[in-house]
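Convention: sequence-line order gives letters A, B, ...; per-chain numbering from 1.
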Number of protein chains: 2
Amino acid sequence: MNDVVKRSNGALNNVGLKNTELKKAGLKATLPRLKILELMENSEGRHMSAEDIYKKLLELGEDVGLATVYRVMTQFEAVNLVSRHHFDSGLSVFELNEGSHHDHLVCEKCGKVEEFVEESIERTQHKIAKKFGFKMTDHSLYIYGICPACQEESSRT
Amino acid sequence: MNDVVKRSNGALNNVGLKNTELKKAGLKATLPRLKILELMENSEGRHMSAEDIYKKLLELGEDVGLATVYRVMTQFEAVNLVSRHHFDSGLSVFELNEGSHHDHLVCEKCGKVEEFVEESIERTQHKIAKKFGFKMTDHSLYIYGICPACQEESSRT
DNA sequence: GCTGATAATGATAATATTTCGCATTTCTAT
DNA sequence: ATAGAAATGCGAAATATTATCATTATCAGC
Ligand SMILES: [Mn+2]
Ligand SMILES: [Mn+2]
Ligand SMILES: [Zn+2]
Ligand SMILES: [Zn+2]
């Protein structure tokens, strides 16, 4: 028997690759973890709450508990497979660590998230931490506002 | 009878001033609101959770419910008397709006909070929002790290 | 200074998010 | 294939915050 299913179905591709990805991170390649990784790679919005992920798994007919989603996210975060954000909503939002570090613009009306990189800010942050004698471990920068689409919507009353 | 008590006791000073402050903000000058304002002005740490505030009020023998603290914080935030932060801990942290806008450095070990102002970052943020067509309403920047005291503590094992 | 309309409060229940406990299942190194 | 360790799903618990509602306090108008 082979874990890697015949390649007639795109959705079941590179199961072997993700398997390796997890092993390399020191995590057992369990079904829930594989499913979650796959889902996060193939989803529209890169930024998802635990509930979002859980619901999508249900839609796909997968039997994964919400507690497992939370556990797996915490583990993925620990091995740097995902980042956790705390937007103003208060709940945790996760995203796959694919590209490199970036910060976020969040629309307060529709929740749309844009990503940006600004090296000058990154450098300045380190400078500030140093000035206060802090050993910087992390940082979070969120810019909140109204996205172009939502501005337009409220203008045509 | 007069609301402003004789000035023998420092703790009861400027009740009249805070009274006016609240009225000016369009809020009724109720006892809980006055007590909370006073507490926030005279407290050590400028950054407090609702629970922190609630406990301090209890210590002072005031009879204020936790729900009221949350309600009052939300109202104070709405009239710009306080700011609400979401540090990574997950819960809301409030601070009196006394000086001008600033951002925060947070120690992940002991929770110590340092404040800083960095005009270049402020300007760059606006520039980024504009680039994406967002009408910027707010932003939050938290730098996490280990404060000098905590570094020392962990070095002398 | 009283009074009544109105708004605010405290206690408690409810909600939302996240974690825990534990019996059962799944992985994986042999 | 098997056994031991680790992970899972479920439900209960813990946290943080908000809503409900009967009671109380505030304050504009007298
Ligand atoms: Mn992102
Ligand atoms: Mn501050
Ligand atoms: Zn929008
Ligand atoms: Zn510290």
Discussion item. According to a hydrophobic-cluster definition based on side-chain heavy atoms being under 4.5 Å apart (Ile, Leu, Val, Met, Phe, Trp, Tyr only), do A:Phe132 and B:Val117 belong together?
Written reply: no
Discussion item. Atom NE2 of residue position B:His102 - does it have more than 12 heavy atoms of other residues, nucleotides or ligands inside 6.0 Å?
Written reply: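 Buried by this count: over 12 neighbours within 6.0 Å.
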Find the distance [X]:[atom1] to [N]:[atom2] and express it as a whole number of Å.
| X | N | atom1 | atom2 | value |
| --- | --- | --- | --- | --- |
| A:His86 | D:dT17 | NE2 | P | 12 Å |
| B:Glu62 | C:dT9 | CD | C1' | 14 Å |
| B:Phe87 | D:dA16 | CZ | C1' | 17 Å |
| B:Asp63 | C:dA8 | CG | P | 18 Å |
| A:Phe94 | C:dT17 | CZ | C1' | 11 Å |
| B:Ile53 | D:dA16 | CD1 | C1' | 14 Å |
| B:Met73 | C:dA8 | CE | P | 15 Å |
| A:Leu66 | D:dG11 | CG | C1' | 12 Å |

Practice prompt. Please figure out whether B:Leu27 or A:Gly65 has its closest DNA chain D nucleotide nearer the 5' end.
Written response: A:Gly65
Worksheet item: Looking only at side-chain N and O atoms, does B:Tyr70 come under 4.0 Å of OP1 or OP2 in D:dT18?
Response: no
Worksheet item: Among D:dT17, C:dG10, C:dT18, which is the nearest nucleotide to the side chain of B:Thr68?
Response: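 The answer is C:dG10, which lies nearest to the side chain.
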Fill in: Nucleotide nearest B:Thr74 when distance is taken to its side chain, options D:dT18, C:dT9, D:dT8
D:dT18
Practice prompt. Please assess A:Ile128 against B:Ile121 for the test side chain to side chain contact (heavy atoms under 4.5 Å, CB included), listing each intermediate value before the final yes or no.
Written response: CA-CA 11 Å; A:Ile128 292 165; B:Ile121 291 183; 4.1 Å; yes
Worksheet entry | Contact state string [nucleotides 19-26 of chain D, B base, S sugar-phosphate only, - no protein heavy atom under 4.0 Å] | BB-----B
Practice prompt. Remember a base hit wins even if backbone is also touched, and classify A:Ser92 as base, sugar-phosphate or nothing at under 4.0 Å, heavy atoms.
Written response: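 A:Ser92: backbone/sugar contact only, no base atoms under 4.0 Å.
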Worksheet item: Do B:Glu115 and B:Arg46 sit within salt-bridge range, that is, some charged N less than 4.0 Å from a carboxylate O?
Response: yes
Item to complete: May I ask you to say whether A:Lys18 pairs ionically with A:Glu41, meaning some side-chain N is under 4.0 Å from a carboxylate O?
Response: yes
Practice prompt. Look at the rings of B:His85 and B:His47 and say which category their plane angle falls in: under 30° parallel, 30 to 60° tilted, over 60° perpendicular.
Written response: tilted
Practice prompt. Check side-chain hydrogen bond (donor to acceptor under 3.5 Å, both in side chains) between B:Glu122 and all other residues, then give those that pass, not counting sequence neighbours.
Written response: B:His101, B:His139
